[in-house]
Amino acid sequence: MKNLLSLEALTASEMRSILDRVVAFKSARTSHARPLAGQTWALIFSKSSTRTRVSFEVGLRELGADVLFLNANDIQLGRGEPIRDTARVLGRMIHGAVIRTFAQKDVEDFAQFSGIPTINALTDDEHPCQILTDIFTYEEKTGLKIEGKVVTFVGDAACNVPASWIFAAAKLGFELRLAAPRAYWPSPDILKRAGAGDAADWTQHPGSVTERMTVGVGTIELLTDLNLAARKADLLYTDVWVSMGKEDEAKQRIEALGGYQINGELVKLAKPGVAVMHCLPAYRGKEIDDTTFEAHADLIFTQAENRLHTQKAIVDWMVAK
Ligand code: CP
Ligand code: NVA
């Protein structure tokens with residue numbers, strides 16, 4: 001039985017095995033096999049969601065399942081019932097679970113104690129379904145593999161979305177540049193888990209606050225200099241400055257991250273025809289300006305649509321015999 005709890009736990013060939021299935025699901029949409037016929041899957045969400053919720057509800061139905069949406073606050077979990085007990089109950093009644101919550105350990109405990117296929121639909125640590133979708137979307141748009149490309153992430157580089165990008169870079173092999181103030185760089189622990197050496201081994205670039213390191217078969221650059229990060233990038237990517245659960249830090253985050261924005265000037269520094277992507281929801285005037293967002297809206301909303309097709313591929317990969 002397979003789970004999808006993190007990109008950290010996936011191999012490159014497992015990622016490719018998922019990505020290779022997406023085209024078939026996108027082109028056939030409703031005329032493909034229904035491997036979940038007769039099953040019931042549950043979505044258990046402790047945080048808000050538009051894309052992830054709708055794409056999983058629709059996708060699981062198109063794969064043949066009945067779907068329950070459980071707001072964590074409406075079940076006893078929200079009143080303190082342990083995740084392990086919730087998992088042991090649901091594991092006896094349903095066939096698979098999709099969980100959006102805070103602690104990564106809760107998703108891992110759910111998988112262990114339920115014994116049913118479990119998907120991480122975003123935790124504080126990772127957003128694996130998003131980044132698999134993003135890679136599919138980049139490759140679909142350009143017709144090129146992401147291997148060897150330059151992906152520049154702008155904004156809060158310490159949150160879940162860039163963490164999943166880090167593990168993808170390490171496994172698949174591309175250059176990931178993370179442009180953020182130092183306080184919003186990813187933790188040394190994540191970099192180490194992705195395969196980086198100790199900080200002392202990282203290369204400090206002269207004349208700028210930059211660290212460069214090898215992770216697995218990829219490269220990570222941490223930069224405070226946004227313009228340097230964007231230079232000749234193949235993909236410019238951003239996410240919100242204030243992630244879910246960080247609302248009480250909103251004021252300090254908006255001050256600290258001010259300027260770490262994708263805008264017309266930044267796009268000019270990247271490769272001509274650069275892909276501009278955003279996992280959404282977008283806050284115009286913060287991590288991206290309105291003109292740039294609208295100029296790239298077709299790709300950004302294709303990216304959102306591709307959540308549906310990619311997640312169907314993920315589930316198909318998980319339940320395949
Ligand atoms: N990108 C993403 O996960 O969107 P939602 O929070 O709307 O699910
Ligand atoms: N980093 C964001 C992603 C939203 C899809 C958050 O956790 O809120």
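Each ligand, and each atom within it, is numbered from 1 in the order the structure gives.
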Q. So which protein heavy atom does atom 4 (C) of ligand 2 come closest to, and at what separation?
A. Leu122 CD1, 4.0 Å

Q | Option from Leu90, Thr101, Thr118 for which side-chain contact (heavy atoms from CB on, under 4.5 Å) with Ile44 holds | A | Leu90

Q | Exam field: side chain Thr210 to backbone Leu223, donor-acceptor pair closer than 3.5 Å | A | no

Q: For Val240, counting its heavy atoms only, list the atoms of ligand 2 lying under 4.0 Å from any of them.
A: 2 (C)

Q: Starting from atom 7 (O) of ligand 2, find the nearest protein heavy-atom neighbour and note its residue, name and distance.
A: Asn160 ND2, 2.9 Å

Q: May I ask you to identify the nearest protein heavy atom to atom 7 (O) of ligand 1, giving residue, atom name and distance to one decimal place in Å?
A: Thr50 N, 2.7 Å

Q.
Which residue and atom name correspond to the protein heavy atom nearest atom 4 (O) of ligand 1, and how close is it?
A. Arg51 NE, 2.8 Å

**Q.** Within 45° cone and under 6.0 Å: Lys47 NZ/CZ vs Phe102 ring
**A.** yes

Q: Ignoring hydrogens, just give me the one of Ser243, Ser49, Cys279, Cys129 whose non-hydrogen atom is nearest atom 1 (N) of ligand 1.
A: Cys279

Q) Which of the atoms in ligand 2, numbered in the order shown and given with their element, are less than 4.0 Å from a heavy-atom of Met244? A) 6 (C), 7 (O), 8 (O)

Q: Using a strict cut-off of 4.0 Å, indicate which atoms of ligand 1 neighbour a heavy atom of Arg307.
A: 1 (N), 2 (C), 3 (O)

(Q) Please confirm whether Leu280 approaches ligand 2 to less than 4.0 Å, judged on its heavy atoms. (A) yes

Q. Which protein heavy atom lies closest to atom 6 (O) of ligand 1, and at what distance to 0.1 Å?
A. Arg100 NH1, 2.9 Å

Q) Purely on distance, is any nitrogen or oxygen of Arg100 under 3.5 Å from one on ligand 2? A) no

(Q) Taking 4.0 angstrom as the limit and counting only heavy atoms of Cys159, give me the atoms of ligand 2 inside it, by number and element. (A) 1 (N)

**Q.** Nearest-neighbour protein heavy atom for atom 6 (C) of ligand 2, which is reported as residue plus atom name and distance
**A.** Ser243 OG, 3.3 Å

(Q) Determine whether the aromatic ring centres of residues His278 and Tyr237 are separated by less than 6.0 angstrom. (A) no

**Q.** Any N or O of Leu280 closer than 3.5 Å to N or O of ligand 1
**A.** yes

